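Everything on this sheet refers to the single structure shown next.
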Amino acid sequence: MKTVSRKLNNLTLQQKLTLLFALTTAIVLLVNLCIYVVINYMTGRVEQVYVSNVSLNDLGDALDDVQESMEDYLNTKSTEALESYYRSDQAYRDLLAELNTQATDNPILLAQKNIRNLSFSYLDTASEVVQAKRNRNAELYGTLYEEAAALCDEIHTYVYSLNNEQFKANADTYQTLRRSLQGMELFSLVVLIVVILGSTVVILVTTRSAIAPLHQLAKSANEVAKGNFDIQKVEVHSADEVGIVAGAFNQMVVSIRDYIEQLRETMEHETEMMERELMMQSHLKDAQLKYYQAQINPHFLFNTLNAGVQLAMMEGAERTECFLENTAEFFRYNVRMNGKDAALADEIRLVDNYVYILNVRFSGEILFQKEIDESLLDVRVPSMILQPIVENSVNYGIRGLDREGRIELDVYQEGNSICVSIWDNGNGMEEARIREVLEGDIQSDPATSGSNGVGLRNVMERLQLYYKEGAKLEILSEGKDKGTEILITIPKEGSACTV
Amino acid sequence: MAVRYSALRWEIMKKRWISLFALFTLLVLSGCGFAWTIFHSGIGESETWETYERHYALITDGTDSELWDRIYESALLEGKERGIYVERFGESLAVSYTRNQILDLAIRASVDGIITTGDEDEETIALIDEAVDAGIPVVTVLQDSTGSRRQCFVGCSNYSIGQEYARQILDMIEESEDSDIRDVMVLLDADAQDASQNLILLAIRETLEESLGADAAVVVESTAIDNSRDFSPEESIRDIFLSTEELPDILVCLNEVYTRCAYQAAVDYNKVGEVEILGYYDSDVILEAVSKEIVASTITFDAEQMGALCVQALDEYDETGYTNNYLAVDIRLIGSAQAEMLLSEE
């Protein structure tokens, strides 16, 4: 059933409709054929009804032939008459051979048996008549002829009676046939009407099932036309044209939906990009504003400090003059070098200024030593890379140290690299701590560190941005209270981009 | 939506298959209908019949149709049980042949046995002998052909019947207070050539004489009813009723037809009670008449036994070559009470 159903589904619409038409036509044709066969059969039976009567009439005629030929022979004694007698005798015997010989309760068959036996008796008598005639025994053949004639009449009566019986029986059969034919006509009519109605129902149901997906498709197409792509797939299991169209429609809806989704995503991305751009611009503006605000203070500060320097010079306070000059120079560097690279010498001088200021502030607690390869002083490096490291060494390394705090700055060349080492004899760092700092897990807080917001991490990033992968920052410490060394290795031919 | 459509599709599929199935069923039913029409119209059926080993002919003289019907029915039944078909020979022929003509036909038709009413006519005897010579055993029934070489006679004792009639007449005389019964008329068949009627008449006379003495006032006379033409017995009997002088006190009828004719004439001419009728046989009409006391009583015999005995005798002869020369059938008298009982039983 399922296989047949699947095969039917795989037919094209044209094949389906053709099959349906052929099927219903075949059914009607079959019913008609059945009706014709039955009617033909019954008509054949009607024709056969009276055949038995005809046979009996033939029998009677054959008997007459025997009797007439015998009479003719008796009259003329001619050879022709004798031959005719023998022929008719044989013909009659042939006909008699077809009659029933058995005792039966069927009156017609029993009558046949009686006619047969009577006829043989008659033929024997007739034969005796002919024989007597041949022997010219006039008296005998006269007697026998009368006997034969009487018997002939009796056989005729018998045949006639049997004919009547058969006619009655045949008439009954004929009536039955007529009634059956009338019944057949009515029955055939009813069957035809019912079959045609049934076929119509099948056609209606089948065409409806074939067209139903089209309705569904049209409904879905309307939805799509209204802009609603959020529709379920039109499920058509048939492989006909409707199935193909439905499949294509489903594919089209999916493609359109995907395309719209892609378009939407692209637009969202662009919008987001634009938003980010706008935000960046906003931040930039904000940063610039803050930058300008930040610029005001150092300028004001180092101008003020310059004024202090000149005042100290006029008053002859040399130490105050030196301190203020260092301080002014430190801040000036900050303002001047903001976002630019600088010569290594300038960076070292800034460290000097910074250490001098700290020593003035903290009464010379920090012993700062440096060993510089003079040939490397012109090397360009990102600005503000050494001072934050020294500031870290002061803040985390030697501040609060019981012994004398010492910081050493070494600049030397090692192969094609320039090494800048800032070493302190402070608290030192454990391996885990070093890893955390290098991986950026611990952010230095400007508020707590006391620096001007430029931390170690910032230094690392700027070095990487400046030198791509060519720069390296290492933190070396042998453990707690063993001091810390920050070693910056940069290529000798460093790139000179601005960070 | 897809689910709904799937359900809809299933419904459609289901409907389609149901429709196809219904159509197929309809076709099958139609086929059955066609077959039914053919096979029940009778035209497709081949007529069924039984075949038998032997074929006996029952030949009657055309009178007492109901009696012969009963005899024939019982003979037919008995025959079928023995593998023999008994045909009522010449019955269905278009021409009305005499009994002897039919007898001749039966001989020429080479039947296996003949049951026929007999008489003492030479032609009848000759035909019976011819049949016997042709190897066809013959049983005479009801009336015998004593001069023939028939194998067996099955019938009642006519003398006993006569005696029974006489006893009825004596009873009537006794019941009659003024003993005004003088005339007893016995209706005889003018064509009958056997001795049966004479035996009955003789028995009546002898029995009455024995009881009443030779000088008794009761006269038993016989009237020969003309049976030569069709319907002539009825005319002859009506003539008796029309003639006041001939009208007897007791009318004895020796066959069924005479009894019915006499009964009808008595009613038609208002002679009921004036003429006492002694009937013959126990057909429904006669029983009805007896129960109404229009016919005083009737003498009958067992027709079924008679028919069966005929076949038995022939069969016995066919099987063994011998049979009884005479097989008697019981007779009985039916009065009004018995007639009523018999009718109610029916």
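Note that this is a predicted model, so its numbers are computed, not measured. Letters A, B, ... are given to chains in the order of the sequence lines, protein chains preceding strands, and every chain is numbered from 1.
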At a heavy-atom distance under 4.5 Å, which candidate from A:D105, A:V37, A:L118 has the highest pair count against chain B?
A:D105

Just give me the residue among A:I155, A:I115, A:T157 that pairs up with chain B most often, heavy atom to heavy atom, under 4.5 Å.
A:T157

Could you look at [X] and say if it's the side chain, the backbone, both or neither that has a heavy atom under 4.5 Å from chain B?
X	answer
A:L197	neither
A:Q102	side chain
A:D153	backbone
A:Q175	neither
A:L204	neither
A:S119	neither

A:T104 side chain near B:Y85 side chain, heavy-atom distance below 4.5 Å:
no

State, with a plain yes or no, whether a side-chain heavy atom of B:H55 is found less than 4.5 Å away from one of A:N114.
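Of all side-chain heavy-atom pairs linking A:N114 with B:H55, at least one is under 4.5 Å.
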
Can you name the one residue among A:D124, A:N117, A:T125 that meets side-chain contact (heavy atoms from CB on, under 4.5 Å) with B:R108?
A:T125

Check this for me: A:F249, atom CZ, are more than 12 non-hydrogen atoms of other residues, nucleotides or ligands nearer than 6.0 Å?
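Above 12, so yes.
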
Does atom OH of A:Y160 have more than 12 heavy-atom neighbours from other groups under 6.0 Å away?
no

Which of B:S92, B:G90, B:A94 touches chain A most, by non-hydrogen pairs under 4.5 Å:
B:A94

In short, A:L151 meets B:L105 closest at the heavy-atom pair CD1-CD2, 4.5 Å

Would you call A:K113 and B:E87 a salt bridge, using N to O less than 4.0 angstrom?
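Salt bridge: no.
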
